[in-house]
Amino acid sequence: MAKSSPHKVQIEQIGGPRHTWLELKGTVLVYHASTWAASFCAYIPVEWISVSHGSRMPGLRLLRSGALSAAALAASLLFFALAFRPSAIHTVPTALEPVLQVAATLMAAPLLIAAVWFGSSAMTALRQRRPTTVLQVDESDMAIEFWRRDGGGAELDKFVEDLGALQASVEDTASYPARVGHARRHVRPIRAVALKVLVT
């Protein structure tokens, strides 16, 4: 994980690799991304970037909470059904049915509580929109969109402010001398081959 500094900050990118961070080097924004099989860097002159702010529904949180709530609810209903009808398991002796009822109830109760908790989390995600920032590279399809933290995001906000201040202080010199953005990619060969084998 990259250590944050006044000119380097880790971001939670939307629709991108998990490990991503931004860095300011002079008048160039450096976008770093790293996956298990490769790493990528893009060097973008700050005057090519348009900064905008918006908000999004946290879809991943909604799906995760909804799926966990449904799974916990289904499991709790199964155990409750078993608690009320222990005879459904034909291999259980009649003498052990009361023990099975108690055990099934003890399993079902926390699962039901978990289902309610995950369900409330999903409803919160459905109602709540998280703030985002988009860095759009002019005249290209490249856009870096990331979440702005609800709390404790002063460092990230300061980085975006520094980027805006730097843009305001830099004159557009795209005509002369020419300013060129470039990128480099480093592939980890063994991991890339292993990943290709796993997905094919």
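Count residues from 1 along the sequence.
- Looking at Leu156 and Thr133, their side chains never come closer than 4.5 Å, going by heavy atoms from C-beta outward.
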| message | Quick one, Glu155 with Lys8, criterion salt bridge (Lys or Arg N to Asp or Glu O under 4.0 Å). Give me CA distance, side-chain angles, the key distance, then yes/no. | response | CA-CA 10 Å; Glu155 191 174 23; Lys8 192 172 187 178; over 6 Å; no
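- Side-chain contact between Leu77 and Leu112: absent, with no pair of heavy atoms (C-beta onward) separated by less than 4.5 Å.
- Counting heavy atoms from C-beta outward, Thr20 and Ser34 have side chains that stay 4.5 Å or more apart.
- Between the CD1 atom in Ile44 and the CG atom in Leu29 there is a gap of 5.0 Å [rounded to 0.5 Å].
- With hydrogens and angles disregarded, a donor-acceptor distance shorter than 3.5 Å links the side chain of Gln167 to the backbone of Val46.
- The two atoms that bring Thr27 and Glu47 nearest to each other are O-OE1, 4.3 Å, heavy atoms only.
- Interatomic distance, CZ of Phe118 versus CG of Leu68, reported as 4.5 Å (0.5 Å rounding).
- Taking CD of Glu23 as the reference point, atom NE2 of His32 lies at 4.0 Å (rounded to 0.5 Å).
- Counting heavy atoms from C-beta on, the side chains of Val160 and Val51 come closer than 4.5 Å.
- Across all non-hydrogen atoms, the minimal contact from Arg130 to Arg148 is NH2-O, 4.2 Å.
- In plain terms, the two heavy atoms of Val9 and Phe159 that are nearest each other are CG1-CG, 3.5 Å.
- When all heavy atoms of Gln136 and Ala143 are compared, the closest pair comes out as OE1-CB, 3.3 Å.
- Side-chain contact between Leu24 and Leu166: present, with at least one pair of heavy atoms (C-beta onward) separated by less than 4.5 Å.
- Looking at Thr132 and Phe146, their side chains never come closer than 4.5 Å, going by heavy atoms from C-beta outward.
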